[in-house]
Peer 1: 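Here it is, the structure in full.
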Amino acid sequence: MAVSLETAPTEYLETGGIRFAYRRLGPDTGTPLILLQHFTGTIDSWDPAVVNGLATDRNIIVFDNAGVGASSGTVPDNVGQQAADAETFIRALGFDEVDLLGFSLGGFLAQIMASRATLKVRKMIVAGSAPRGGEEHLLQVVEGAFAKNAGDVRLPLFFTPSKKSQLAGEAFVNRALARTQDRDPDSGEAISEPQARSIIAWCAEQDPDHGLLKAIKQPTLIVHGSDDTMFPSVNAYEMFKAMSDATLIIYPDSGHGALFQYAQTFVAHVKTFLDT
């Protein structure tokens, strides 16, 4: 039986004074795809439909960055150090070249990692994210989502109010909760507070000429929800226009979790992008 996100054992790699927790899926061939997670997200916050779908024909690494989930250390309050911690982990895995998939906050890290030569990045997928100096409504959106008292806060946070989107959200939540043993611990204030500061600072740091984006030469797939309230879709368009080799896809009637609402479509788009 193939290993899945729900059944893969959690492994540990100690490097740079941090004990990183990670899971490895898929065949040990080709360019590995490293997944970089969203605000307060852990390994078990990923959608198994996305991770397992991508792992059918490529090596997938999901991990907890420093201070998150089952990893040791503390969460930095700036995106630059979070990216450096991720690079430390990836280098320790011994890969010569990697692809990156960054969701939300993870997309910030991916942009930094692709723009510099610390790692050899072949291709990059950025989902539900924003450029440096982009538009964000993190605190307002999170506060509003909790105020709705939904069965799971991700329903109002990641999906639109439409019936179709909410049903897709419920299916996602059920998939994400399928693993019952050896799950990552939930995130608390020690994770959410420094990550929130890092997101706000990233978007407050103006980059009017998009110097960071212009430094990214790798082919990039940008995926966004049409009605993302946390990072409005104008962010995706700005990234697309500023980067030299980017493709933009916006999914209809979808919010911040568009890649989970359209899991099968997203997997197909990512596979086509990585394989061509």
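Numbering of residues begins at 1 and proceeds along the displayed sequence. Because the structure is predicted, anything quoted here is derived from the model rather than measured.
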Peer 1: If we count only N and O atoms by modelled type, under 3.5 Å, do the side chains of Gln81 and Asp85 hold a donor and an acceptor together?
Peer 2: yes
Peer 1: Could you verify whether a donor N or O on one side chain and an acceptor N or O on the other, from Thr40 and Gln195, lie under 3.5 Å apart?
Peer 2: no
Peer 1: Can you list the steps and then say if Leu105 with Ser198 is a side chain to side chain contact (heavy atoms under 4.5 Å, CB included)?
Peer 2: CA-CA 9 Å; Leu105 171 60; Ser198 73; 4.0 Å; yes
Peer 1: Is there side-chain contact between Ser71 and Asn65, with at least one heavy-atom pair below 4.5 Å?
Peer 2: no
Peer 1: Grab the two heavy atoms, one from Ala127 and one from Leu259, that are nearest each other, plus how far apart they are.
Peer 2: CB-CD1, 4.2 Å
Peer 1: Is it true that Phe39 and His256 have ring centroids separated by less than 6.0 Å?
Peer 2: no
Peer 1: What class does the angle between the rings of Phe89 and Phe20 fall in, given that below 30° is parallel, 30 to 60° is tilted and above 60° is perpendicular?
Peer 2: tilted
Peer 1: What's the shortest heavy-atom distance between His224 and Ser233, and which atoms?
Peer 2: CD2-CA, 3.5 Å
Peer 1: Keeping the roles fixed (side chain from Gln82, backbone from Ala66), state whether a donor-acceptor pair exists under 3.5 Å.
Peer 2: no
Peer 1: I want to check something: taking the side chain as every heavy atom from C-beta on, are Leu157 and Met230 in contact at a cut-off of under 4.5 Å?
Peer 2: yes
Peer 1: What are the two closest heavy atoms between His137 and Glu135, and how far apart are they?
Peer 2: NE2-OE2, 2.7 Å
Peer 1: Out of curiosity, does Val68 fall in the hydrophobic cluster containing Ile90 (side-chain heavy atoms, cut-off under 4.5 Å, transitive links)?
Peer 2: no
Peer 1: With a 6.0 Å cut-off (strictly less than), is the heavy-atom count around CG of Asp186, excluding the residue itself, greater than 12?
Peer 2: no
Peer 1: When you measure from the side chain of Glu238 to the backbone N and O of Gly134, does any donor-acceptor pair fall under 3.5 Å?
Peer 2: no
Peer 1: I'd like to know if Ile43 and Ile191 are part of one continuous hydrophobic network [Ile/Leu/Val/Met/Phe/Trp/Tyr, side-chain heavy atoms within less than 4.5 Å].
Peer 2: no
Peer 1: Can you confirm whether the side chains of Ser162 and Asp253 place a donor and an acceptor under 3.5 Å from each other?
Peer 2: yes
Peer 1: Considering only heavy atoms from C-beta outward, does the side chain of Arg19 approach that of Leu13 to under 4.5 Å?
Peer 2: no
Peer 1: Might you work through the salt bridge (Lys or Arg N to Asp or Glu O under 4.0 Å) test for Arg23 and Asp44, ending with a clear yes or no?
Peer 2: CA-CA 10 Å; Arg23 295 181 200 150; Asp44 287 309; 2.8 Å; yes
Peer 1: Can you check side chain to side chain contact (heavy atoms under 4.5 Å, CB included) on Trp46 and Leu101, steps first, answer last?
Peer 2: CA-CA 12 Å; Trp46 285 108; Leu101 191 168; 4.2 Å; yes
Peer 1: Could you grab the distance from atom OG1 of Thr265 to atom NE2 of His269, nearest 0.5 Å is fine?
Peer 2: 6.5 Å
Peer 1: Would you say Gln206's side chain and Pro208's backbone share a donor-acceptor pair under 3.5 angstrom?
Peer 2: no
Peer 1: Would a single hydrophobic cluster contain both Ile112 and Val75, if residues Ile, Leu, Val, Met, Phe, Trp and Tyr are joined by side-chain heavy-atom contacts under 4.5 Å?
Peer 2: no
Peer 1: Using side-chain heavy atoms (C-beta onward) and a distance below 4.5 Å, is Val121 in contact with Glu97?
Peer 2: no
Peer 1: With distance as the sole test, does Thr160 use its side chain to make a donor-acceptor pair with the main-chain N or O of Ser254 at under 3.5 Å?
Peer 2: no
Peer 1: Roughly how far, to the nearest 0.5 Å, is CD1 of Ile34 from CG of Leu109?
Peer 2: 13.0 Å
Peer 1: Describe, in one word, how the ring planes of Phe108 and Trp202 are oriented to each other, choosing from parallel (under 30°), tilted (30 to 60°) and perpendicular (over 60°).
Peer 2: parallel
Peer 1: Would you call Met124 and Met243 a side-chain contact if the rule is heavy atoms closer than 4.5 Å?
Peer 2: yes
Peer 1: Kindly compute the distance separating CD1 (Ile125) from OG1 (Thr247), expressed to the nearest 0.5 Å.
Peer 2: 11.0 Å
Peer 1: I need the Leu212 CG to Ser115 OG distance, nearest 0.5 Å.
Peer 2: 4.5 Å
Peer 1: Is there a donor-acceptor pair closer than 3.5 Å between any side-chain N or O of Arg154 and the backbone N or O of Pro156?
Peer 2: no
Peer 1: Give a yes or no on whether the backbone of Gly211 and the side-chain of Asp209 come within a donor-acceptor separation of less than 3.5 Å.
Peer 2: no
Peer 1: Give me the atom names and distance for the closest heavy-atom approach of Arg132 to Asp207.
Peer 2: O-CB, 3.9 Å
Peer 1: Which one of Lys123, Lys120, Lys271, Arg122 satisfies the salt bridge (charged side-chain N to carboxylate O under 4.0 Å, His left out) criterion with Asp99?
Peer 2: Arg122
Peer 1: May I ask you to check whether Tyr12 and Tyr22 place their ring centres under 6.0 Å from each other?
Peer 2: no
Peer 1: Would you check if Phe63 and Leu36 make a side-chain contact, meaning some heavy-atom pair closer than 4.5 Å?
Peer 2: yes
Peer 1: So does Ser104 get a backbone contact from the side chain of Ser129, meaning a donor-acceptor N/O pair under 3.5 Å?
Peer 2: yes
Peer 1: Run the side chain to side chain contact (heavy atoms under 4.5 Å, CB included) test on Glu87 and Arg116 for me, step by step, so that the C-alpha distance in whole Å, both residues' side-chain angles and the decisive distance to 0.1 Å come before the verdict.
Peer 2: CA-CA 11 Å; Glu87 288 170 338; Arg116 60 193 187 192; 2.9 Å; yes
Peer 1: Check Gln261 against Ser165 and note the closest heavy-atom contact, atom names and distance.
Peer 2: OE1-OG, 2.8 Å
Peer 1: Could you tell me how the ring of Phe103 sits relative to the ring of Phe158: parallel (under 30°), tilted (30 to 60°) or perpendicular (over 60°)?
Peer 2: perpendicular
Peer 1: Do Ser244 and Lys214 touch side chain to side chain, with heavy atoms closer than 4.5 Å?
Peer 2: no
Peer 1: Are a donor atom and an acceptor atom from the side chains of Thr42 and Asp64 found within less than 3.5 Å of each other?
Peer 2: no
Peer 1: Determine whether a donor-acceptor pair (N or O, by modelled atom type, separation under 3.5 Å) exists between the side chain of Ser4 and the backbone of Asn52.
Peer 2: no
Peer 1: Flag yes if Val153 and Leu177 sit in one hydrophobic cluster, no otherwise; membership is Ile, Leu, Val, Met, Phe, Trp, Tyr, and two members link when side-chain heavy atoms are under 4.5 Å apart.
Peer 2: yes
Peer 1: Would one find more than 12 heavy atoms of other residues, nucleotides or ligands at under 6.0 Å from atom CG of Asp275?
Peer 2: yes
Peer 1: Tell me whether Tyr262 contacts the main-chain N or O of Val267 through its side chain, where contact means a donor paired with an acceptor under 3.5 Å.
Peer 2: no
Peer 1: Donor-acceptor pair, Asp245 side chain versus Thr220 backbone, under 3.5 Å?
Peer 2: no
Peer 1: What's the verdict on side chain to side chain contact (heavy atoms under 4.5 Å, CB included) for Thr88 and Ile18, showing C-alpha distance, side-chain angles and the deciding distance?
Peer 2: CA-CA 9 Å; Thr88 296; Ile18 300 167; over 6 Å; no
Peer 1: So, do Leu248 and Ile250 sit near enough that their side-chain heavy atoms are less than 4.5 Å apart?
Peer 2: yes
Peer 1: To the nearest 0.5 Å, what is the distance between CE (Met239) and CG (Leu213)?
Peer 2: 7.5 Å
Peer 1: Please verify the inter-ring angle class for Phe266 with Tyr251; under 30° counts as parallel, over 60° as perpendicular, anything in between as tilted.
Peer 2: perpendicular
Peer 1: What distance do Ile199 atom CD1 and Ser192 atom OG have between them, rounded to the nearest 0.5 Å?
Peer 2: 10.0 Å
Peer 1: Determine whether Phe146 and Val173 fall in the same hydrophobic cluster, where Ile, Leu, Val, Met, Phe, Trp and Tyr are linked whenever their side-chain heavy atoms lie under 4.5 Å apart.
Peer 2: yes
Peer 1: Taking all non-hydrogen atoms of both residues, which atom of Asp28 and which atom of Arg24 are closest, and how far apart?
Peer 2: OD1-NH1, 4.4 Å
